[in-house]
Amino acid sequence: MNKHTYDFGLIGNCSFLALIGKDTNFEWMCLPRFDSSFVFGSLIAGEKKGGEFSVKPCSANYSSDHKYIENTNVLCTTISEGEHEYQVTDFAPRFMQLDRYYRPRMVIRKIEPTRGNPRVKVMCKPKGNYGENDLEVETGSNHIRYGGLEENLRLTTNIPLSYIAEEKEFVLRETYYMILTYGVPLEGPIRETAESFLNKTITYWQRWVKSTSIGNLYQSQVIRSALTLKICQYEDTGAIIAAPTSSLPESPGSTRNWDYRFCWMRDTYYTLQAFNSVGHFEDMEKYLSFISNLPVPYGNRIQPIYSLTGYSKLT
């Protein structure tokens, strides 16, 4: 695995992105696409307003470590607490299926004990409208449905639902899975689906890296950078965002609020240069399709920023 030294790990599948803290919490994730409202956003909104999606140890005295499975965007977080340890594997499925890329709005978490009998508390508290709205919670047989968004958010899991609903501590004695879907829910076996999607996603990313042209210097850094830039492209239209997150206004009450979840022409140029340098021309071709469909403004001047679908008027 590749050691990861930043405070957040990044996962995505070219439909959406998520930033995950070393405590396993989803600090930032917008759905259904990059520039939508966050469903988890404590990175900017704080814990209460930002919601939470975590698998935390019950003691505050622990250490954690982030690693990616080599040459992939699959993130593993290891939590150690004395003689107890567990690992959370997070990924957004992406692989070839029926001659096209399968990239559902789905997050899969695999939670497995690796040493001792770790005690954990699982939280899933998504928010709507940038933290302004609490979502309606409805429990099924093996899932929890969260209403109040444009489409339902659904958590399907083999963890006892009472533990999640009541925020109850429990001992990890087996491997658990959590599959969070937006819109189309999971209709299939939990364990088999999660493991199948994990293996296919690992294979996809490692084959993608294998087709990357890389020199002898700083290979691991170039690969990690390329993997990061790849999931910043919104594959549906070919638009490339400047960064996964928004920003705060330049000054209180100011309209100068640089939201990086849009397609900024300048930033995209540097991303395309990087793709060109490592021989990934299909991403450049996809962006050409996006820019060819931009509205032609008065005077034929391209503006510095567009939405993911090419709109020129932005809020």
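Side-chain atoms are counted along with the backbone in the values below, which use heavy atoms only and exclude waters and symmetry mates.
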Participant: Using atom types as modelled and distance alone, determine if a side-chain donor or acceptor of Glu85 lies under 3.5 Å from a backbone N or O of Pro118.
Facilitator: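 No, because the side chain of Glu85 does not come within donor-acceptor range (under 3.5 Å) of the backbone of Pro118.
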
Participant: Which is it for Phe38 and Leu43 under the side-chain contact (heavy atoms from CB on, under 4.5 Å) test, yes or no, and what are the steps along the way?
Facilitator: CA-CA 10 Å; Phe38 66 73; Leu43 179 67; over 6 Å; no

Participant: In terms of hydrophobic clusters joined by side-chain contacts under 4.5 Å, are Val184 and Phe91 together?
Facilitator: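 No, Val184 and Phe91 fall in different hydrophobic clusters.
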
Participant: Is the side chain of Thr24 donor-acceptor paired with the backbone N or O of Val55 at a distance under 3.5 Å, no angle test?
Facilitator: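 Yes, Thr24 side chain to Val55 backbone: donor-acceptor pair under 3.5 Å.
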
Participant: Please say yes or no: joined through hydrophobic side-chain contacts below 4.5 Å, possibly via intermediate residues, are Met123 and Tyr163 part of one cluster?
Facilitator: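 Different clusters.
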
Participant: Looking at Asp134 and Lys127, does any basic side-chain N land under 4.0 Å from a carboxylate oxygen?
Facilitator: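 Salt bridge between Asp134 and Lys127, a charged N being under 4.0 Å from a carboxylate O: yes.
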
Participant: Between Arg109 and Tyr177, is NZ or CZ placed under 6.0 angstrom from the six-membered ring centre and within 45° of the ring axis?
Facilitator: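 No, Arg109 does not sit over the ring of Tyr177.
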
Participant: According to a 4.5 Å side-chain heavy-atom criterion applied to Ile, Leu, Val, Met, Phe, Trp and Tyr, with indirect links allowed, do Phe95 and Tyr101 form part of one hydrophobic cluster?
Facilitator: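 Yes.
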
Participant: Determine the minimum heavy-atom distance between Ala92 and Thr201, stating which atoms define it.
Facilitator: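 Here Ala92 and Thr201 meet closest at O-CG2, 4.0 Å.
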
Participant: Is the side chain of Arg115 donor-acceptor paired with the backbone N or O of Gly82 at a distance under 3.5 Å, no angle test?
Facilitator: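 Here the side-chain-to-backbone pair exists.
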
Participant: Test your reading of the model: is there a side-chain donor-acceptor pair from Thr72 to the backbone of Ile69, 3.5 Å cut-off?
Facilitator: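 Flag set: sc Thr72 to bb Ile69 pair under 3.5 Å.
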
Participant: Please round to the nearest 0.5 Å and tell me the distance separating atom CG of Leu227 and atom CG of Asn71.
Facilitator: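 The distance works out to 7.0 Å.
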
Participant: Hey, are Glu52 and Lys125 close enough for a salt bridge, meaning a charged N less than 4.0 Å from a carboxylate O?
Facilitator: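 The answer is no: the pair does not qualify as a salt bridge.
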
Participant: For Glu47 and Ser42, does a side-chain donor sit closer than 3.5 Å to a side-chain acceptor?
Facilitator: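 Glu47 vs Ser42: no donor-acceptor pair found between side chains.
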
Participant: Start with the C-alpha gap between Val122 and Met178, add the side-chain angles, then the distance that decides, and say whether side-chain contact (heavy atoms from CB on, under 4.5 Å) holds.
Facilitator: CA-CA 10 Å; Val122 175; Met178 304 176 74; 3.4 Å; yes

Participant: Please confirm whether the backbone N or O of Gly128 pairs with a side-chain atom of Glu132, one donor and one acceptor, at under 3.5 Å?
Facilitator: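 Between the backbone of Gly128 and the side chain of Glu132 there is no qualifying donor-acceptor contact (under 3.5 Å).
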
Participant: Checking side-chain polar atoms at under 3.5 Å, does Thr212 have a donor or acceptor matched by the opposite partner on His280?
Facilitator: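 Note: Thr212 and His280 side chains meet the donor-acceptor criterion.
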
Participant: Are Glu235 and Arg94 ion-paired here, with the side-chain N under 4.0 Å from a carboxylate O?
Facilitator: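 Counted as a salt bridge, because a side-chain N and a carboxylate O are separated by less than 4.0 Å.
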
Participant: Can the ring centroids of Phe197 and Tyr102 be said to lie less than 6.0 angstrom from one another?
Facilitator: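 Under 6.0 Å, so yes.
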
Participant: Using the rule that two of Ile, Leu, Val, Met, Phe, Trp, Tyr join whenever any of their side-chain heavy atoms come within less than 4.5 Å, decide whether Phe281 and Tyr269 are in one cluster.
Facilitator: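 As far as the 4.5 Å side-chain criterion goes, Tyr269 and Phe281 are not connected within one cluster.
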
Participant: For a quick check under 3.5 Å, do Tyr86 and Glu81 share a side-chain donor-acceptor pair by atom type?
Facilitator: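 Their side chains do not contain a donor-acceptor pair, so the 3.5 Å distance test is not met.
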
Participant: Whether the side chain of Asn133 engages the backbone of Gly148 through a donor-acceptor N/O pair (distance < 3.5 Å, no angle test) should be reported.
Facilitator: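 Such a contact is absent between Asn133 side chain and Gly148 backbone.
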
Participant: Hydrogens and angles aside, do Thr114 and Gln87 bring a side-chain donor and acceptor to less than 3.5 Å of each other?
Facilitator: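 Gln87 and Thr114 do not have a side-chain donor-acceptor pair below 3.5 Å.
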
Participant: Roughly how far, to the nearest 0.5 Å, is OH of Tyr176 from CD of Glu112?
Facilitator: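 Reported to 0.5 Å precision, the distance equals 13.5 Å.
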
Participant: Are Tyr270 and Val222 in one and the same hydrophobic cluster, where Ile, Leu, Val, Met, Phe, Trp and Tyr link if side-chain heavy atoms are under 4.5 Å apart?
Facilitator: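 Different hydrophobic clusters.
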
Participant: Counting N and O atoms only, with roles assigned by atom type, does the side chain of Thr237 sit under 3.5 Å from a partner on the main chain of Phe290, one being a donor and the other an acceptor?
Facilitator: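 The answer is no, because no donor-acceptor pair under 3.5 Å joins these two groups.
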
Participant: Under the side-chain hydrogen bond (donor to acceptor under 3.5 Å, both in side chains) test against Thr77, which residue among Lys67, Lys22, His66 passes?
Facilitator: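 In the set Lys67, Lys22, His66, the residue that makes a side-chain hydrogen bond (donor to acceptor under 3.5 Å, both in side chains) with Thr77 is His66.
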
Participant: Look at the side chain of Asn199 and the backbone N and O of Glu195, then say whether any donor-acceptor pair between them is shorter than 3.5 Å.
Facilitator: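 Yes; judged by distance alone, with no hydrogens or angles, the pair exists.
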
Participant: Compare every heavy atom of Asn152 with every heavy atom of Gly147, then report the nearest pair and how far apart it is.
Facilitator: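 It is CA-OD1, 3.7 Å.
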
Participant: Aromatic rings Tyr260 and Trp264: how do their planes relate, parallel, tilted or perpendicular, breaks at 30° and 60°?
Facilitator: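 Taking Trp264 first and then Tyr260, their aromatic rings sit tilted (interplane angle of 30° to 60°).
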
Participant: Using salt bridge (charged side-chain N to carboxylate O under 4.0 Å, His left out), reason through Lys230 and Asp283 one step at a time and then give a plain yes or no.
Facilitator: CA-CA 8 Å; Lys230 171 63 176 176; Asp283 307 288; 2.6 Å; yes

Participant: State whether the number of non-hydrogen atoms from other residues, nucleotides or ligands found under 6.0 Å of Glu83 atom CD is greater than 12.
Facilitator: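 Result for CD/Glu83: open.
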
Participant: Are side-chain N/O atoms of Arg154 and Thr181 paired as donor and acceptor at under 3.5 Å?
Facilitator: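 Thr181 and Arg154 do not have a side-chain donor-acceptor pair below 3.5 Å.
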
Participant: Can any side-chain N or O of Ser196 pair as donor or acceptor with the backbone N or O of Thr193 at less than 3.5 Å?
Facilitator: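 Between the backbone of Thr193 and the side chain of Ser196 there is no qualifying donor-acceptor contact (under 3.5 Å).
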
Participant: Less than 6.0 Å separating the ring centroids of Phe16 and Phe34?
Facilitator: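 Aromatic pair excluded; centres sit 6.0 Å or further apart.
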
Participant: Classify the ring geometry between Phe40 and Phe53 as parallel (under 30°), tilted (30 to 60°) or perpendicular (over 60°).
Facilitator: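 Phe40 vs Phe53 ring planes: parallel.
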
Participant: State whether the side chain of Thr89 and the backbone N or O of Cys76 hold a donor-acceptor pair below 3.5 Å, judged by distance alone.
Facilitator: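 Here the side-chain-to-backbone pair does not exist.
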
Participant: In plain terms, say whether Glu167 and Lys121 are close enough for a salt bridge, that is, a side-chain N and a carboxylate O under 4.0 Å apart.
Facilitator: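 Salt bridge: no.
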
